[in-house]
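So the structure is just underneath, and the comments pick up after that.
Residue numbers begin at 1 in each chain, while the letters A, B, ... track the order of the sequences.
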Protein chains: 2
Amino acid sequence: MTTSRPTSPTSPTSRAEQRRRTEARILDAATQVFFSAGYDRATIRAVASAAGVDAGLVMHYFGSKQELYRRVIDAAPVPEVSGTPAEAAEQILAGLADRLASAPAASLALLRSMLTNPEAASAASAGIARYEAQIAQAIPAADADLRAAIISAITLGITVSRHLIKSDELATADPEQVIRLLRPCVHSLAARPDPSGPPG
Amino acid sequence: MTTSRPTSPTSPTSRAEQRRRTEARILDAATQVFFSAGYDRATIRAVASAAGVDAGLVMHYFGSKQELYRRVIDAAPVPEVSGTPAEAAEQILAGLADRLASAPAASLALLRSMLTNPEAASAASAGIARYEAQIAQAIPAADADLRAAIISAITLGITVSRHLIKSDELATADPEQVIRLLRPCVHSLAARPDPSGPPG
DNA sequence: GCCTTCGGTCAACACTCGTAGAATGAAACG
DNA sequence: CGTTTCATTCTACGAGTGTTGACCGAAGGC
């Protein structure tokens with residue numbers, strides 16, 4: 001369709017460039033498909049169709065469905081958390097608010113796939129571990145790792161309840177109200193809570 | 001194998017009784033298979049094999065895979081929550097402690113299947129809604145439903161992180177320590193928190 | 001201009017799944 | 001006894017899956 005100039009040695013769409021673009025397009029489509037369907041229900045043909053190519057090409061470029069999934073996971077970003085415990089807590093809450101307000105993020109894709117497929121689980125849990133490490137480094141407590149894991153689990157549960165289970169009170173709630181109710185929880189976990197706490 | 005007495009009108013294993021037993025055995029096997037595999041990865045053949053019968057018999061008795069799944073969900077129990085907010089909070093924490101210490105419960109099966117299959121989701125979310133209603137009735141606040149949903153989401157996130165994601169700090173943590181860290185959260189959600197709270 | 005390289009498509013294989021229907025054989029009943 | 005009922009199994013179909021290899025056509029080096 002386009003007026004290509006075949007005589008040019010490095011044409012605007014050289015072979016290598018074309019390949020790079022197609023591969024990126026497949027990866028984007030795979031991210032979307034894996035998210036909305038989960039690992040098992042996601043099909044190579046669906047990814048190929050969404051990318052506008054043939055299923056065989058997906059296999060040709062990525063080798064296998066598992067390898068394609070691993071590439072998707074590796075490309076998923078991890079939100080940054082830093083500063084004082086209080087600042088970190090607010091960053092976590094802000095990130096959660098984003099996830100509540102907008103369409104579900106990549107982390108949801110990880111989760112759904114993880115719950116679906118045992119082989120996908122090991123690849124995906126690495127992504128969550130990265131997020132927990134981010135949180136843990138901002139918590140000045142001996143059990144920082146456990147606290148970070150709990151915080152991560154809470155945000156995960158909230159996000160899952162809203163976006164995946166849906167039939168929830170949470171699905172229709174105002175994100176800000178959820179955050180407001182959750183704020184003392186996250187802060188009490190990020191910073192050491194009232195030392196005159198309940199009896200053990 | 002057993003010395004049957006065919007002359008007896010109602011033999012120790014009459015036809016109706018035999019059918020009842022087989023059906024119950026299939027339902028038990030289905031519960032187990034649906035739990036450990038999720039809806040999609042669970043196969044009629046696996047259920048049949050676990051029950052020691054043929055796949056066709058499962059279809060003959062339950063009509064379809066979805067119908068079998070619905071029967072499994074309907075049979076799943078919901079933990080009771082009642083009393084004052086503080087008492088309810090402790091009951092919730094105790095239930096969570098049980099789920100952390102022992103093997104994953106039926107609720108996990110619901111969740112996994114729910115996340116896997118959209119048709120299974122509607123059947124399973126009813127079970128979670130029942131649990132949230134239990135919690136909400138014990139919370140004396142205008143936004144009791146939302147608070148209950150958040151509490152349910154938190155316990156869900158914790159359970160998922162420990163039993164399904166596994167590669168967590170949570171997977172190896174002492175359940176009591178998790179409960180201790182979580183106690184102020186649940187209590188602050190069940191009862192109204194400090195009225196001199198943070199600025200809106 | 002010729003020949004290689006390679007992005008991309010097509011058709012097919014082997015497998016598993018849910019499901020349907022015929023076949024079997026023992027129990028219930030006259 | 002014969003006949004009917006019914007729990008149970010066997011066999012098979014059709015659809016969908018990941019994966020493969022042959023094939024096509026244009027880009028790129030000589």
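Between B:Tyr39 and B:Phe34, the ring planes are parallel. Angles under 30° get that label, and only those over 60° would be called perpendicular.
Between C:dG8 and A:Gln18, a contact under 4.0 Å exists linking OP1 or OP2 to a side-chain N or O. Taking only side-chain nitrogens and oxygens, B:Arg15 never comes nearer than 4.0 Å to OP1 or OP2 of D:dA7. When the side-chain nitrogen and oxygen atoms of B:Ser14 are compared with OP1 and OP2 of C:dA27, none of them lie within a distance under 4.0 Å.
Per the geometry, OH belonging to A:Tyr61 stands 17 Å off C1' belonging to D:dT19, to the nearest Å. Taking atom CZ of residue A:Arg25 and atom C1' of nucleotide C:dG8, one finds them 11 Å apart after rounding to whole Å. Going from atom CG of A:Asp40 over to atom C1' of D:dG18 covers 12 Å, rounded to whole Å. With rounding to whole Å, B:Leu68 atom CG is found 15 Å from C:dC17 atom C1'. The interatomic distance linking B:Asp54 (CG) with C:dG21 (C1') rounds to 13 Å, in whole Å. Summarising the geometry, the separation between CD1 on A:Ile26 and P on C:dG8 is reported as 8 Å, rounded to the nearest angstrom. Taking atom CZ on B:Arg41 and atom P on C:dC17, their separation rounds to 10 Å, with Å as the unit. Rounded to whole angstrom, the span from the CD atom of B:Glu23 across to the P atom of D:dC6 amounts to 14 Å.
Residue B:Leu57 has its side chain nearest to D:dA7 when only C:dT19, C:dG7, D:dA7 are considered. The listed nucleotides are D:dA7, D:dT17, C:dC17; the one nearest the side chain of A:Thr43 is D:dT17. Which of C:dG7, D:dT19, C:dG18 sits closest to the side chain of A:Met59 comes down to D:dT19. Taking the side chain of B:Val53 as heavy atoms from C-beta on, and the options C:dG8, C:dG18, D:dT9, the nearest nucleotide is D:dT9.
Looking at B:Arg147, its side chain does come within 3.5 Å of a backbone N or O of B:Leu189 through a donor-acceptor pair.
Taking only distance into account, the side chain of A:Arg45 meets the base of D:dG18 through a donor-acceptor pair shorter than 3.5 Å.
Using a 4.0 Å heavy-atom criterion, one finds that A:His60 contacts no nucleic acid atom at all. In this structure, B:Ala42 reaches the sugar-phosphate backbone alone: every heavy-atom distance under 4.0 Å involves primed, P, OP1 or OP2 atoms, never a base.
Helix-axis bend for the helix from C:dG1-D:dC30 to C:dG30-D:dC1: the local axis fitted to the five terminal pairs at one end deviates from that at the other end by 10°, rounded to 10°.
The local environment of CD in A:Glu176 is sparse, with at most 12 non-hydrogen atoms from other residues, nucleotides or ligands closer than 6.0 Å.
Between A:Arg183 and A:Glu90 there is a salt bridge, with a side-chain nitrogen of the basic residue lying less than 4.0 Å from a carboxylate oxygen of the acidic one. Residues B:Arg20 and B:Glu17 are paired through a salt bridge, judged by an N-O separation under 4.0 Å between the basic side chain and the carboxylate.
Partner of A:Lys65 under the side-chain contact (heavy atoms from CB on, under 4.5 Å) criterion, chosen from A:Ile44, A:Val47, A:Thr43: A:Ile44.
Heavy atoms only, all atoms of each residue included: A:Val81 and A:Gln137 are closest at O-NE2, 3.3 Å. Contact record, A:Ala138 with A:Pro85: O-CG, 3.6 Å, taken as the closest heavy-atom pair.
Checking B:Ala16 against B:Ile44, the closest nucleotide of DNA chain C that is more toward the 5' end is the one next to B:Ile44.
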